[in-house]
Amino acid sequence: MKIDFRADGRPIPILEVGDLVRLTRDEAGPSPTAHSGEWGKIRSISDKGTLDILLAGYSRPCGVALALVSDFPATNVIPCDHRGVALELPKWENWRRGEASGFSSRKGRG
């Protein structure tokens, strides 16, 4: 995952295939199969900014049939670690001081 920064210093995650993400909303539709709080690995990212996310083996028990959430809006996920815990993204001030280990960044905007 890469990080960009808004003009006010707030971080913006730039998701990539292979990143782990946690759903912040239920899947749209009358019978959602993916729910807020579940998490998985990004399998693909479309040109329109939607994600295909593989859930089985991450937030669902092992042995459960593979669950692939398709065309899920990237705005409805947050980056997480291998346990599904949301990552705290570094602030611009900390980034400039070199206190943001483990992340790569684009040049800050502003």
Side-chain angles (χ1 to χ4, degrees):
M1 173 181 56
K2 294 180 182 173
I3 300 175
D4 200 353
F5 296 90
R6 297 180 194 273
D8 65 2
R10 287 184 295 155
I12 305 168
I14 300 169
L15 301 171
E16 302 174 303
V17 172
D19 286 345
L20 296 173
V21 292
R22 185 179 192 87
L23 281 56
T24 58
R25 295 185 184 228
D26 290 352
E27 186 177 29
S31 301
T33 57
H35 302 280
S36 179
E38 292 190 285
W39 58 281
K41 184 184 272 188
I42 296 175
R43 192 163 178 200
S44 66
I45 302 173
S46 74
D47 293 338
K48 58 184 180 176
T50 60
L51 310 172
D52 287 351
I53 305 167
L54 186 61
L55 297 177
Y58 293 93
S59 63
R60 295 183 177 184
C62 292
V64 172
L66 291 178
L68 181 66
V69 181
S70 297
D71 292 325
F72 199 79
T75 56
N76 294 343
V77 300
I78 55 173
C80 68
D81 67 11
H82 66 281
R83 295 171 304 200
V85 177
L87 294 176
E88 185 174 334
L89 300 179
K91 294 185 172 67
W92 177 244
E93 307 82 51
N94 296 345
W95 188 266
R96 291 186 64 194
R97 288 194 303 256
E99 298 172 7
S101 62
F103 295 98
S104 61
S105 174
R106 289 188 176 176
K107 198 172 191 177
R109 296 183 190 171

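Rounding to the nearest 0.5 Å gives a distance of 11.0 Å between CZ of Arg22 and CG of Leu87. Rounding to the nearest 0.5 Å places CH2 of Trp39 at 7.0 Å from CG of Asp81. Rounded to the nearest 0.5 angstrom, Asp4 CG and Ile14 CD1 are separated by 4.5 Å. Here the straight-line distance linking atom CD1 of Ile3 with atom CD1 of Ile12 works out to 10.5 Å at 0.5 Å rounding. Here the straight-line distance linking atom CD of Glu88 with atom CD1 of Ile78 works out to 11.5 Å at 0.5 Å rounding. The distance from the CD1 atom of Ile53 to the CG atom of Leu23 is 5.0 Å, given to the nearest 0.5 Å.
Taking 4.5 Å as the limit, some side-chain heavy atom of Pro13 sits within range of a side-chain heavy atom of Leu89. Here the side chains of Glu16 and Ile42 are not in contact, with every heavy-atom distance at 4.5 Å or above.
Ion pairing between Asp8 and Arg6 fails under the 4.0 Å rule for side-chain N and carboxylate O.
At least one donor-acceptor pair under 3.5 Å links the side chain of Asp19 to the backbone N or O of Met1. Although no hydrogens or angles enter the test, the distance criterion places a donor-acceptor pair under 3.5 Å between the side chain of Thr24 and the main chain of Asn76.
Taking all atoms of both residues into account, the shortest heavy-atom contact from Lys48 to Asp71 is CE-OD1, 4.2 Å. In this structure, Ile45 and Leu15 approach most closely via the heavy-atom pair CD1-O, 3.4 Å.
Cluster annotation: Val17 and Leu51 are assigned to the same hydrophobic cluster (Ile/Leu/Val/Met/Phe/Trp/Tyr, side-chain heavy-atom contacts under 4.5 Å, transitive).
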